K.L.:
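Below are the structure tokens for one structure; questions will follow.
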Amino acid sequence: AMASHITGGSVFGYLNHDVGGPDGRRSHVERQIDPAQAAIVRQIFELCAMGLGKVAITKRLKEEGALAPRAQQGRPHAWAPSSVREVLYRDLYRGEIIWNRTRKRDAWGVKRQRARPESEWLRVPAPALRIVPDTLWQAAHARLEAEFGERTAWGQQLDAELREARAAYARLEAEFD
């Protein structure tokens, strides 16, 4: 994780680049900024900072025929408000990689993804992967907070309660390991 190797899949705005080892085989995978997709990511932040909501941004991107993230699970290959939201809240675009957000298996090895407490997250600065300047990130998030302030505060309270419940469950589960 500290070496900035990719442990997940592809992310809109980046290309996954195979890095060879001394034996010629793939050693690991690293991200590189995709200039065409990065321009769309910056455009989303700019439109948000100017006051457009997620639905209006989605409509604008569709009208312009902007590149969209790779379709998954039979979904259409087009922008959706949920995709725009994911872009606006992805820390990687501001140059910060976060690992260990979720636990993929339970104590018995059964696949069951669960969120980890924020105290267990590993945050690594990655300035070479920054697509959105800090001022633009802050402007967009200030606008989101201003528009959705009450819901955001309410959501944060629910998130805090959920994190507390998950932490209690993790402590209980650890007793049975």
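In what follows, every heavy atom counts, from backbone to side chain, and hydrogens, waters and symmetry copies are set aside. Throughout, residue positions are numbered sequentially from 1 according to the sequence presented. The structure presented is a predicted model; accordingly, all values stated were derived computationally and were not measured.
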K.L.:
I'd like to know if E118 and R123 make a salt bridge, using a cut-off of under 4.0 Å between side-chain N and carboxylate O.
P.N.:
yes
K.L.:
Shortest non-hydrogen contact from A66 to I40?
P.N.:
CB-CD1, 4.1 Å
K.L.:
Would you say L47 and V84 make side-chain contact, with heavy atoms under 4.5 Å?
P.N.:
no
K.L.:
Just to verify, what does E64 make a salt bridge (Lys or Arg N to Asp or Glu O under 4.0 Å) with, not counting sequence neighbours?
P.N.:
none
K.L.:
Please report the C-alpha distance between N16 and R31 in whole Å, then the side-chain angles of each, then the deciding distance to 0.1 Å, and finally whether the side chain to side chain contact (heavy atoms under 4.5 Å, CB included) criterion is met.
P.N.:
CA-CA 5 Å; N16 289 354; R31 286 197 171 96; 4.0 Å; yes
K.L.:
Measuring from L88:CG to E86:CD, what's the distance to the nearest 0.5 Å?
P.N.:
9.5 Å
K.L.:
OG/S82 to NZ/K54 distance, rounded to the nearest 0.5 angstrom?
P.N.:
10.5 Å
K.L.:
Roughly how far, to the nearest 0.5 Å, is CG of L144 from CZ of R85?
P.N.:
9.0 Å
K.L.:
Side-chain contact, heavy-atom cut-off 4.5 Å: Q37 with L15?
P.N.:
no
K.L.:
Holding to side chain to side chain contact (heavy atoms under 4.5 Å, CB included), I want the full list of residues that pass it with A139, two or more places apart in sequence or in another chain.
P.N.:
A49
K.L.:
I98 and F12: same hydrophobic cluster, using ILVMFWY side-chain contacts below 4.5 Å?
P.N.:
no
K.L.:
Once side chain to side chain contact (heavy atoms under 4.5 Å, CB included) is applied, do any residues pair with R90, and if so which ones, sequence neighbours excluded?
P.N.:
V11, L92, Y93
K.L.:
A128 and I33: which non-hydrogen atoms are nearest, and at how many Å?
P.N.:
O-CD1, 3.5 Å
K.L.:
Heavy-atom distance under 4.5 Å between the side chains of H141 and Y89, does that happen here?
P.N.:
yes
K.L.:
So which heavy atom on V124 is nearest to which on W99, and how close?
P.N.:
CG2-CZ3, 3.7 Å
K.L.:
Return yes if some donor-acceptor pair links the side-chain N/O of H28 with the main-chain N/O of G21 below 3.5 Å, else return no.
P.N.:
no
K.L.:
If the condition is salt bridge (Lys or Arg N to Asp or Glu O under 4.0 Å), which residues does D18 pass it with, not counting sequence neighbours?
P.N.:
R26
K.L.:
Which residues pass the side chain to side chain contact (heavy atoms under 4.5 Å, CB included) test with R116, not counting sequence neighbours?
P.N.:
N100, R103, E120, W121
K.L.:
Apply side-chain hydrogen bond (donor to acceptor under 3.5 Å, both in side chains) to D134 and list each qualifying residue two or more places apart in sequence or on a separate chain.
P.N.:
Q138
K.L.:
Once you round to the nearest 0.5 Å, how far does CZ of R94 lie from CZ of R130?
P.N.:
8.5 Å
K.L.:
Tell me the closest heavy-atom pair linking C48 and A140, and the distance in Å.
P.N.:
SG-O, 3.7 Å
K.L.:
Quick check: do I131 and F45 have side-chain heavy atoms less than 4.5 Å from each other?
P.N.:
no
K.L.:
Is a side-chain donor or acceptor of W79 paired with a backbone partner of L67 at a separation under 3.5 angstrom?
P.N.:
yes
K.L.:
In Å, rounded to the nearest 0.5 Å, how long is the span from CD1 of I44 to OG1 of T58?
P.N.:
8.0 Å
